[in-house]
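One structure is given below, encoded as structure tokens.
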Amino acid sequence: MANDHNQYSGQKVPRTGWSLFLQQSSSLLRKNALLSYRSRRATFLQLASSFFFIFLIFCVDQSDKARLSTTSSYKNLFAPQPKTVASIPACEDAFYIQLPCYDFIWSGSKSSRILSLVDNIMKNNPNRPIPDNKVLQFDTPTAVDAWLLENPMRCYGTLYLEERGTSVIGYGIQTNSTTIYFKGRYSDPNFSYGIPLQAAAEREIARTLLGNSSLSWDPSFIEFAHPAIKTDSVFTTVGPVFLLASAMFGFVIQVSSLALEKETRLRQMMTTMGLMDSAYWLTWLLWEVVLVFVSSLLLVCFGLLFQFDFFLHNNFGVLFFIFFLFSFNMTGFAFMISNFISVATSATSVSYYIFIIGVILQSVTISGFPYSHTFKVYLRILWSFFPPNLLAIGLKYLGDATSTKQDPGIHWSNRGQCSYRNEDCVLTMNGIYFWLLGTFCLWFVLAIYFDNVFPDVNGVRKPWFYFLSISYWTGQGTKKSEGGGCCSCVGSVPPPPVNEGPLDPDVAAEEDLVKEQMVANYEDPAVAVRVQGLVKSYAGMCKRVGCCHWKRIPPYHAVKGLWFNIEKDKLFCLLGPNGAGKTTTINCLTGIIPTTAGDGLVYGESIRSTAGIAKIRKKLGVCPQFNVLWESLSAREHLHVFGSLKGLSGADLIHSTKELLSQVKLVEAANVRAASYSGGMKRRLSVAIALIGDPKILFLDEPTTGMDPITRRHVWDMIEAAKRGRAIVLTTHSMEEADILGDRIAIMARGRIRCIGTPIRLKTRFGAGYVVNVSVRTEHSTQDPGHLAEEEQRRTQVKQFFKEQLDVEPKEESRAYTTFVIPRERESQLPDFFRVLEHRKTQLGVTDLQMGLTTLEEVFLTITKQADLENAAAEGRVETLTIHGQTMNVPVGTRYIRVPNSVSTDVPNGLMVEIYWQQDEFGAMRISGHSEPTPAVAPLEVNSF
Ligand SMILES: Nc1ncnc2c1ncn2[C@@H]1O[C@H](COP(=O)(O)OP(=O)(O)OP(=O)(O)O)[C@@H](O)[C@H]1O
């Protein structure tokens with residue numbers, strides 16, 4: 001299908017500057033909204049989590065109130081009733097008691113008066129006389145203490161009795177004073193044991209002294225009248241944890257979204273297509289502000305719905321701001337943390353750890369550390385950098401301000417003052433807002449800083465001081481960024497070897513031409529890209545082997561100095577085996593990775609300068625080797641996003657999208673999500689994305705991989721038509737594709753260009769020769785044995801003729817054609833040969849004759865083989881071969897080798913074998929087998945282990 005590049009010539013000039021920034025921001029906002037809408041469940045969970053957690057807090061509050069129902073704190077008590085002091089309880093009823101246990105222990109003299117007094121305490125205990133075996137007696141208090149120490153938790157109350165004359169009996173009571181908690185119930189030993197024992201002792205002492213055994217003695221308690229004192233205090237205790245858990249939903253989604261865009265190279269793809277970093281961060285921020293605004297609003301509304309005093313008494317704005325600023329702060333924290341996460345799936349585990357740390361630190365905060373004057377200021381400053389701590393202290397203040405029904409809560413006008421319950425006030429609500437906002441700014445700045453200095457998916461990073469260079473702010477710098485991970489040794493990479501074997505004359509000529517143009521500073525108007533000595537070396541790094549050993553991986557030179565021009569209106573094809581350096585070259589020219597040395601001028605702009613790259617990206621279209629797509633966006637939405645990044649808008653964007661969808665035959669699937677596309681459809685979409693915005697230089701990295709033959713031919717038509725008005729760089733493993741589309745072809749191997757030229761030139765120079773197909777079939781040929789025999793006879797004659805004239809055997813034979821390959825050395829004989837053939841055509845029975853050059857595939861194999869042999873020789877590389885149980889080292893490319901220990905009187909030169917070689921997927925020569933041993937004609941060298 002024809003595609004006229006000028007079809008959008010009527011379109012407006014794409015936007016630039018502020019206008020482009022705003023357009024990119026609005027397009028990315030739409031993209032974020034669409035992604036959130038497409039993952040509705042996660043978004044709903046994020047928004048509804050506030051309801052869920054408020055409901056949980058409500059449940060905890062209800063259970064708390066039920067547990068403390070015995071106390072009157074939560075109730076109004078206007079007419080309190082007296083309560084009689086209880087009897088001495090059975091020791092078995094006490095919490096954590098050990099058996100056998102005692103209801104009480106006493107010490108004192110065993111006078112008859114004291115014995116009878118104790119006896120009466122036991123006998124007259126209301127409702128429950130105490131049996132003898134439940135009481136222990138000792139002579140002195142010291143003996144009691146010694147026993148209690150040796151027998152803990154066997155008795156809750158002791159009584160000391162002392163006769164001080166006839167009218168005075170002294171007594172003392174001892175109990176364990178700590179309140180004890182057991183299975184949701186509290187027991188105060190003073191109240192439950194001490195007071196009943198005291199009442200019993202006083203009753204019997206009074207009766208003894210007065211001599212009236214029926215003296216009435218019924219002390220009772222009466223509580224003060226009071227309104228309900230306590231309110232829903234759960235917000236101070238469990239509130240911070242639950243609200244942190246609620247905020248963590250948004251946190252996980254945010255971290256994984258950012259990490260996913262990095263992991264799937266979408267971020268890099270957007271940058272290559274012209275995305276401004278500022279627009280990227282701003283849109284994420286704006287989108288998150290919308291989400292946290294809604295979720296904070298819902299949280300306060302749900303709190304009011306559940307009628308919590310915490311929400312009813314504190315000011316709406318004060319509450320909203322603490323939740324909003326906390327969630328906002330967590331967003332900044334998520335932006336920063338996402339830089340430390342390379343795979344999206346780790347987001348959940350990292351968030352889990354942050355949550356656990358948050359819960360622990362919040363409980364410390366609630367218990368009073370370090371927000372009081374007893375702690376040092378620096379501790380408070382350090383503590384306040386972790387957002388959950390600020391939420392905890394904020395909720396504590398708000399909870400304290402509404403801890404009784406009478407408390408007024410914190411009003412908007414009081415947010416800058418300490419609440420009246422907060423005697424040890426070191427922070428106000430305003431202070432907490434300030435900290436949340438301030439630390440958000442810190443996280444946001446750090447997020448952008450780390451984003452620049454941490455290596456991206458390609459290991460590219462800026463130096464840690466990048467923001468100090470003037471070029472960063474003016475965009476006029478030279479070296480943009482550097483490659484390598486944190487452990488790499490950038491700067492210590494040795495340069496690649498200069499002369500790795502002789503240069504092919506065509507490659508040398510191209511190199512000279514580019515050098516001349518460079519020296520003369522001449523810009524050829526027909527040239528779109530000038531590659532000037534491009535070098536890309538990956539720094540060595542330290543890789544962990546096993547648990548604690550590190551292996552140093554040496555530097556690797558992926559591209560070793562390329563010099564070539566790419567013309568306008570032409571397709572330049574880069575071929576080469578896997579790992580040859582094609583993608584690396586494209587990545588350097590598109591600014592995805594920085595060059596180690598050399599330069600590339602794309603329409604006169606240097607790829608080494610930040611400003612140059614920014615200008616190049618406006619003219620750039622890239623179809624990466626692997627599809628870089630959002631699974632939940634459709635083809636149309638993809639084209640809208642990338643078109644907007646390129647500066648298209650309004651009718652131009654809609655028109656371009658429509659045209660491209662129809663060109664890549666995705667009209668019917670235009671609104672279907674990319675996740676359900678086949679491999680071929682995804683590839684077509686990637687090609688369409690590369691073409692949007694009418695780029696002047698198009699890089700297509702294996703664009704037709706995975707396409708069926710019909711679609712592939714269709715895309716070839718598209719690419720062919722797209723040549724006009726732009727330069728195209730194509731890498732492919734399909735020789736047919738390169739042959740059809742390529743105006744010039746360069747074959748790379750091991751980081752160097754091995755040959756360059758038009759397809760015809762390469763076939764002529766590097767092909768095995770000419771291919772001649774001869775047919776002897778006539779249109780009357782049938783399966784008749786007579787016809788078959790006649791055809792066979794003609795074929796034999798033709799074979800004899802080729803043998804006699806050119807000394808060649810057929811390479812392939814079928815009933816339709818017999819194929820001969822005529823080596824280039826016989827090229828001079830061809831005119832005579834064809835003259836004679838023409839003359840004897842009828843006699844030989846030749847009905848059809850086709851002739852052509854050998855295929856590009858043969859050229860490719862020849863070049864890569866030659867390149868590998870050169871390298872093997874330079875590196876002294878050997879392959880191992882085992883013959884008859886003997887293993888030998890064979891220099892790569894060796895054809896014959898002597899079998900070890902095969903010399904005998906019968907075979908004085910020993911036996912030899914022919915070694916068969918074939919290339920692996922990287923173009924490296926590997927042994928594929930060997931012939932049967934035959935006597936060697938002359939002594940041969942043997943290397944063996
Ligand atoms: N970040 C990196 N660190 C170290 N080596 C790398 C890095 N990226 C690529 N390489 C190496 O550089 C060489 C060239 O890789 P490149 O991807 O350019 O090859 P290619 O010609 O595009 O291969 P293919 O046809 O398989 O895509 C390879 O040996 C590769 O392993």
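In each ligand, atom 1 is the first atom listed, and ligand 1 is the first ligand listed.
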- Task: Could you check E879 against R926 for salt bridge (charged side-chain N to carboxylate O under 4.0 Å, His left out), going step by step and ending with a plain yes or no?
- Result: CA-CA 7 Å; E879 283 280 299; R926 305 272 176 231; 2.9 Å; yes
Is the shortest distance from a heavy atom of [X] to ligand 1 less than 4.0 Å?
| X | value |
| --- | --- |
| E702 | yes |
| G576 | no |
| H733 | yes |

Only heavy atoms of [X], strictly under 4.0 Å: list the atoms of ligand 1 that pass.
| X | value |
| --- | --- |
| A580 | 19 (O), 20 (P), 21 (O) |
| G581 | 14 (C), 18 (O), 19 (O), 20 (P), 21 (O) |
| T584 | 14 (C), 15 (O), 16 (P), 18 (O) |
| Q625 | 24 (P), 27 (O) |
| N578 | 23 (O), 24 (P), 25 (O), 26 (O) |

- Is R761 paired with D506 through a side-chain N to carboxylate O contact shorter than 4.0 Å? yes
- Query: Less than 4.0 Å between a side-chain N and a carboxylate O, is that true for R744 and E510?
  - Reply: yes
- Per the side chain to side chain contact (heavy atoms under 4.5 Å, CB included) rule, which among T271, T272, L275, I689 passes with L645? L275
- Message: Would you call the rings of F454 and F340 parallel, tilted or perpendicular, taking 30° and 60° as the class edges?
- Response: perpendicular
- Task: Counting heavy atoms only, name the option from Y538, Y556, F626 that's nearest to atom 8 (N) of ligand 1.
- Result: Y538
- Item | Stacked cation flag K646 on F642, 6.0 angstrom / 45 deg | no
- Are R267 and Y280 in a cation-pi contact, defined as NZ or CZ under 6.0 Å from the six-membered ring centre and within 45° of the axis? yes
- State, without any angle test, whether E737 and W716 hold a side-chain donor-acceptor pair at a distance under 3.5 Å. yes
- Message: Are any of the N/O atoms on A558, whether in the backbone or the side chain, positioned under 3.5 angstrom from an N/O atom of ligand 1?
- Response: no
- Message: For ligand 1, which is the ligand I care about here, please tell me if T585 has any N or O atom under 3.5 Å from one of the ligand's N or O atoms.
- Response: no
